[in-house]
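Let me begin by presenting the structure, written as structure tokens, before commenting on it.
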Amino acid sequence: MQILRSKRQALFWVYLMYTISHLAFITLPPKGTHLWRQCNTSAVSRNFYEEDMNILKPRVDRRRNTTGITGMQFPSFEYTVAFFSKLVGQHQHWFNRLVAFLFFGMGIWYFYHWVRLLANDATAFWASWGFIWSPSLYYHSISALPDILALTASVAALYYFYSLIQQFNRTTLIALCFFIALAGLTKIQYLLVGTPMLVITISKVLKGDWKPRETLSIMLAGALPIALTLWWYTYALKLRANSGLEDFGLEVRYVTDFKEALIILKENLLEIFPELVVGYAALIGFIYFVLTSKSIRRPFKETILPYSVWLILMLVYHLLELQQMKDHVYYMYPYFPLVLLVTAIGLDRLAKRKSTWLYVFILLMPIAAFFRVFHHWTNTPPEQYAGLYEIDNYEFRSIIPPNALTIVGPDQSGCVYHYFTHSKGFTFEDQNQLIACPDERLRLKTYIDEGAEYFILGNDEEVFPEVRVFLDEVVFDEHGIRVYKIKTNKTD
């Protein structure tokens with residue numbers, strides 16, 4: 001089939017299907033699974049655009065009476081969205097989806113060409129086809145998720161490293177250094193992509209394949225990203241400690257209970273891996289690769305050791321972040337390139353044995369991915385957030401002054417209500433929290449004393465009498481969302 005032998009045709013069809021399958025959803029606001037993460041990312045990019053374009057000072061909406069500056073992963077994704085917004089002169093929620101779409105599009109190109117360097121055109125097609133139809137990637141490739149940029153950067157680093165093996169030159173070396181740094185800064189776990197590079201470099205040094213000057217250059221290209229990444233996360237932890245704002249987790253989240261750990265690992269292996277990582281339609285390719293692994297030939301035999309070390313370290317990372325692996329498939333993205341590579345090899349072998357399989361897989365993979373995830377884009381939002389999708393968050397800018405602090409809820413996420421109402425300040429999960437008395441003082445009164453001026457209550461809830469005494473008139477009441485002006489002279 002010509003699509004397997006022609007790079008131009010393969011990439012044309014991959015990009016065409018990637019674009020067509022997302023066009024209807026790319027202008028949606030944050031929605032679906034991991035809504036809170038989409039809103040937090042989008043809020044940071046909006047705050048760059050509206051408040052300060054200093055990339056060293058990322059700001060969140062749930063900021064109490066602070067500046068909102070806090071520690072997080074390096075905001076490369078968020079800053080790109082803000083920069084794009086500055087160029088066009090406005091910020092729209094779907095800009096985050098567009099930027100994710102473009103970054104993932106870059107990832108397709110790099111993934112295809114990396115696999116092509118390792119294998120051949122046919123395997124590269126299967127790899128890129130599997131890349132866009134991995135159900136999780138198909139969904140998140142247009143989500144406000146920095147992991148998409150980190151994944152693309154890690155794949156680009158693999159491409160430039162293997163290009164450097166074929167022909168050593170300064171431009172490729174600089175690109176390699178840049179993309180390793182970008183991957184690690186955006187999400188620190190993506191530094192693991194340097195594992196096979198380190199093992200291969202050591203092997204080539206021992207064999208005398210590289211000159212001392214070339215070896216030193218490559219080692220520096222690997223050391224610089226590590227140093228930059230460690231500097232940033234040290235700085236981010238200090239920012240978070242100084243602000244007390246912990247919207248972004250920067251700690252390791254392992255599981256201490258052995259039974260719980262086994263349950264999560266079982267779900268990862270038997271449910272998440274076949275359903276969301278590879279996809280049921282392509283799973284047979286992964287299985288076939290495993291069954292025929294004894295027949296591996298060059299160039300793959302040369303990659304067994306470095307990729308085995310890479311796999312071992314990723315499994316260690318998986319265990320260290322096991323709590324996150326329970327509900328966050330995107331934490332598994334660092335080893336997607338390896339998993340999808342071996343799946344592509346298996347699919348290519350199957351297609352060579354019987355060409356009918358080729359057409360079956362080409363058709364089933366997009367169908368399976370689409371029907372697995374599209375409901376996240378089309379379903380009615382959860383009841384507690386439904387009204388937010390009916391209001392225009394820019395309408396709130398005429399109701400609530402830009403610098404006014406608000407108390408918003410009920411919101412377990414701490415960021416969804418703030419994002420959609422274009423507000424900043426304090427959040428609560430339910431009104432009982434507001435009338436609790438830590439330190440013998442109403443929490444609501446503490447928020448008011450710290451500068452809260454407006455109270456936003458959603459989910460069509462009735463305000464508690466104990467809360468109502470602190471509130472003045474209603475200034476907005478639509479779609480189950482009410483906005484109250486807070487009294488300025490209310491005492492305990």
Side-chain angles (χ1 to χ4, degrees), residues 55 58 71-80 103-104 106-107 110-111 114 137 145-165 172-203 215-238 240 248-254 303 305-322 324-325 328-341:
I55 198 170
M72 58 182 294
Q73 83 285 336
F74 188 71
S76 46
F77 179 92
E78 295 85 347
Y79 197 81
T80 303
F103 277 138
F104 193 79
M106 289 174 54
Y110 281 117
F111 195 52
W114 169 56
L137 290 179
L145 200 68
D147 300 70
I148 292 299
L149 173 56
L151 175 62
T152 288
S154 66
V155 173
L158 287 167
Y159 166 73
Y160 283 113
F161 179 76
Y162 279 89
S163 297
L164 202 65
I165 291 176
T172 305
L173 184 67
I174 292 172
L176 170 64
C177 182
F178 171 78
F179 281 109
I180 295 177
L182 181 60
L185 285 167
T186 304
K187 279 297 187 74
I188 191 170
Q189 57 264 40
Y190 287 85
L191 282 179
L192 287 172
V193 76
T195 304
M197 303 177 197
L198 177 61
V199 175
I200 292 172
T201 298
I202 293 173
S203 174
T215 302
L216 179 61
S217 298
I218 291 178
M219 296 303 288
L220 287 175
L224 181 59
I226 295 174
L228 282 173
T229 301
L230 292 178
W231 166 79
W232 172 260
Y233 282 91
T234 301
Y235 170 73
L237 287 171
K238 289 180 180 178
R240 199 174 74 158
F248 294 94
L250 296 175
E251 60 279 328
V252 176
R253 298 178 182 178
Y254 51 87
T303 65
L305 177 60
Y307 282 45
S308 296
V309 176
W310 188 17
L311 177 61
I312 290 170
L313 289 182
M314 286 191 290
L315 291 175
V316 172
Y317 153 72
H318 192 104
L319 293 175
L320 289 175
E321 288 283 11
L322 192 57
Q324 296 299 90
M325 302 300 175
H328 303 79
V329 181
Y330 56 83
Y331 267 76
M332 303 179 189
Y333 285 0
Y335 47 83
F336 269 42
L338 182 56
V339 169
L340 296 177
L341 169 64

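What you see below is based on every heavy atom in this structure, not just the backbone, and it leaves out hydrogens, waters and symmetry mates.
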Hey, what do you get for CD (E321) to CD (E251), rounding to the nearest 0.5 Å?
-> 8.5 Å

Would you please indicate if the ring centroids of F179 and Y159 are separated by under 6.0 Å?
-> no

Does the T234 side chain pair with the main chain of L230, one donor and one acceptor, at a distance under 3.5 Å?
-> yes

Y333 and Y190: aromatic ring centres closer than 6.0 Å?
-> no

Indicate the atoms forming the closest heavy-atom contact of V155 with G107, along with that distance.
-> CG1-O, 4.2 Å

Measure the shortest side-chain to side-chain distance between C177 and L220 over non-hydrogen atoms and say whether it is less than 4.5 angstrom.
-> no

Minimum side-chain heavy-atom gap Q189-Y331 below 4.5 Å = yes

To the nearest 0.5 Å, how far apart are CG in L313 and CG in L320?
-> 10.5 Å

With no hydrogens and no angle check, is any side-chain donor or acceptor of S76 less than 3.5 Å from a backbone partner on T186?
-> no

Find the distance between CG (L228) and CG (L191) and round it off to the nearest 0.5 Å.
-> 10.0 Å

Point-to-point distance, once rounded to the nearest 0.5 Å, from CD1 of I148 to OG1 of T152 = 6.5 Å

First locate atom CD1 of I174, then atom CZ of F178, and finally report the distance between them rounded to the nearest 0.5 Å.
-> 11.5 Å

Would you check if Y307 and L341 make a side-chain contact, meaning some heavy-atom pair closer than 4.5 Å?
-> yes

Are any non-hydrogen side-chain atoms of P146 and Q73 less than 4.5 angstrom apart?
-> yes

Output the distance between atom CG (L158) and atom CH2 (W114), rounded to the nearest 0.5 Å.
-> 5.0 Å

Got a sec: does the OH of Y235 have more than 12 other heavy atoms crowding it under 6.0 Å?
-> yes

Salt bridge (charged side-chain N to carboxylate O under 4.0 Å, His left out) pairs, two or more places apart, involving residues 181-195 | D147-K187

Describe, in one word, how the ring planes of F74 and W232 are oriented to each other, choosing from parallel (under 30°), tilted (30 to 60°) and perpendicular (over 60°).
-> perpendicular

Least distance between heavy atoms, T172 atom then S163 atom | CG2-CB, 4.0 Å

Is Y160 close to I180 at the side-chain level, that is, under 4.5 Å between some pair of heavy atoms?
-> no

Are the side chain of Y233 and the backbone of I188 linked by a donor-acceptor contact shorter than 3.5 Å?
-> yes

Those residues at least two apart in sequence (or on a different chain) that pass ring pair (Phe, Tyr, Trp, His ring centres under 6.0 Å) with Y79 are F48

Considering all heavy atoms of both residues, which atom of L173 and which atom of A221 are nearest to each other, and what is their separation?
-> CD1-CB, 3.7 Å

Evaluate the side-chain proximity of M219 to L198: yes if any heavy-atom separation is below 4.5 Å, no if none is.
-> yes

Has the side chain of W310 got a donor or acceptor atom that lies under 3.5 Å from a matching backbone atom of L192?
-> yes

